[in-house]
Amino acid sequence: MATRVITYLKKKKVPFKVLKYDHAEKGAAFAAQATGFPLERTIKTLVVDTRPKGCHLALMAGDRQLSLKKMAKACAVKRAAMADTATAERLTGYLVGGISPFATRQRLPVVMEASLLNHTKVAVNAGQRGTMLVMAPKDILKVLAGKVFDISEP
C-alpha cells in the first residue's frame with residue numbers, strides 16, 4: 001500500500017526503496033533493529049518548537065541526540081524546545097513513530113544533522129509506522145529544500 005509519502009516522492013521522481021517491518025514500538029533504534037539497517041543511518045524526524053518562527057523538523061541520525069541549543073542557533077531563534085505529541089501530529093498529519101519529513105500537512109522548514117551526509121543511503125520514515133524508505137540524504141535535502149547543520153549533542 002502506497003503511503004502519502006511514497007505517492008509524493010514518485011511524483012517528484014525521487015529514487016527510494018521501501019523497507020517494511022513489524023512495528024512493535026516507536027523509535028529509530030527499534031526501526032533499525034527490525035530492518036537490519038544501521039542506527040547511525042536511520043533518521044528520526046523530530047518536530048521542534050522554534051517560536052516565534054513556528055516549528056521546524058530536525059532530521060537526526062538514530063544514534064545521536066538533538067542539541068536544542070544548536071537547533072535554536074540553526075533556526076536563528078533564542079530557544080528551541082521539543083513540540084508536544086499533539087502538536088507534532090497536528091502539524092505533520094502523521095502519528096508519532098511514523099512522522100516523515102515529506103508531504104506533511106503543514107510545510108515545515110527542515111534542518112538535517114550534518115553527519116547524515118557521510119552516508120550514501122539512509123532510512124527515513126515513509127509516513128506510516130512500520131514503513132521506512134532507503135534513499136540518498138542529498139535527495140532528501142533537495143526535495144525538502146533543507147539546511148544542514150551540526151545539531152547533535154557533543
Side-chain angles (χ1 to χ4, degrees), residues 3-6 8-9 14-50 53 55-77 79-89 91-104 107-154:
T3 66
R4 190 165 82 219
V5 173
I6 291 171
Y8 173 83
L9 290 174
V14 178
F16 61 86
K17 178 182 159 203
V18 178
L19 280 182
K20 292 267 197 189
Y21 65 98
D22 288 328
H23 176 80
E25 58 185 82
K26 297 181 285 198
F30 180 81
Q33 182 183 14
T35 60
F37 207 79
L39 183 58
E40 67 275 8
R41 293 172 44 202
T42 301
I43 293 176
K44 51 187 174 186
T45 304
L46 307 173
V47 181
V48 183
D49 184 339
T50 52
K53 293 192 175 184
C55 286
H56 281 72
L57 294 178
L59 303 185
M60 295 295 303
D63 65 339
R64 296 187 179 220
Q65 293 300 312
L66 175 66
S67 164
L68 291 171
K69 188 175 182 178
K70 289 181 180 180
M71 185 67 180
K73 186 175 180 179
C75 300
V77 295
R79 289 191 359 232
M82 294 303 299
D84 61 53
T85 299
T87 300
E89 291 180 348
L91 292 176
T92 64
Y94 301 117
L95 296 174
V96 168
I99 292 179
S100 176
F102 304 107
T104 52
R107 185 159 168 86
L108 300 171
V110 172
V111 179
M112 179 184 277
E113 163 56 38
S115 69
L116 290 167
L117 290 177
N118 296 334
H119 309 290
T120 55
K121 298 286 184 200
V122 294
V124 63
N125 204 290
Q128 173 182 309
R129 293 173 178 167
T131 309
M132 301 289 283
L133 302 177
V134 176
M135 55 194 301
K138 63 180 175 44
D139 287 342
I140 295 170
L141 277 176
K142 184 178 175 185
V143 169
L144 298 172
K147 300 187 295 187
V148 178
F149 283 92
D150 171 14
I151 53 172
S152 65
E153 291 285 350

Check: Val77 main-chain N/O paired with Lys53 side-chain donor or acceptor under 3.5 Å: no
What I'd like to find out is whether the side chain of Leu95 reaches to under 4.5 Å of the side chain of Glu89, using heavy atoms alone. yes
Apply side chain to side chain contact (heavy atoms under 4.5 Å, CB included) to residues Thr87 and Asp49 and explain how you reach the verdict. CA-CA 9 Å; Thr87 300; Asp49 184 339; over 6 Å; no
Within-4.5 Å side-chain heavy-atom neighbours: Met82 and Val48: yes
Side chains of Leu57 and Thr104: does their closest heavy-atom pair fall under 4.5 Å? yes
Enter the distance from Leu59:CG to Leu116:CG here, rounded to the nearest 0.5 Å. 7.5 Å
Compile the donor-acceptor pairs under 3.5 Å between side chains in residues 130-144 and protein atoms, sequence neighbours left out, one pair per line.
unit_1	atom_1	unit_2	atom_2	d
Thr131	OG1	Lys20	NZ	3.2
Thr131	OG1	Gln128	NE2	3.4

Taking every non-hydrogen atom, the tightest pair across Ser100 and Ala126: CB-C, 4.1 Å
Please name the pair of heavy atoms, one in Cys75 and one in Val111, separated by the smallest distance, quoted to 0.1 Å. SG-CG2, 4.1 Å
Below 3.5 Å, can you tabulate the donor-acceptor pairs from side chains in residues 147-154 to any protein atom, sequence neighbours excluded?
unit_1	atom_1	unit_2	atom_2	d
Lys147	NZ	Ala74	O	2.9
Asp150	OD1	Ser152	N	3.3
Asp150	OD1	Ser152	OG	3.4
Asp150	OD2	Lys70	NZ	3.2
Ser152	OG	Arg64	NH1	3.2

Ignoring hydrogens and geometry, is there a side-chain-to-backbone donor-acceptor pair from Thr50 to Ala80 under 3.5 Å? no
Between Arg4 and Ala103 (side chain of the first, backbone of the second, donor and acceptor by atom type, cut-off under 3.5 Å), is there such a pair? yes
Considering all heavy atoms, the nearest Arg107-Ala145 contact: NH2-CB, 4.1 Å
Flag the pair Thr45 / Tyr94 as yes when at least one side-chain heavy-atom distance between them is below 4.5 Å, and no otherwise. no
Looking only at side chains, do Ser115 and Asn118 share a donor and an acceptor under 3.5 Å apart? no
Drop me the distance from Leu39's CG to Phe30's CZ, to the nearest 0.5 angstrom. 13.0 Å
Between CD of Glu113 and CE of Met71, what distance do you get to the nearest 0.5 Å? 11.0 Å
Can you measure from NZ (Lys44) to CE (Met60) and round to the nearest 0.5 angstrom? 6.0 Å
What is the distance from atom CZ of Phe16 to atom CZ of Phe102, rounded to the nearest 0.5 Å? 9.5 Å
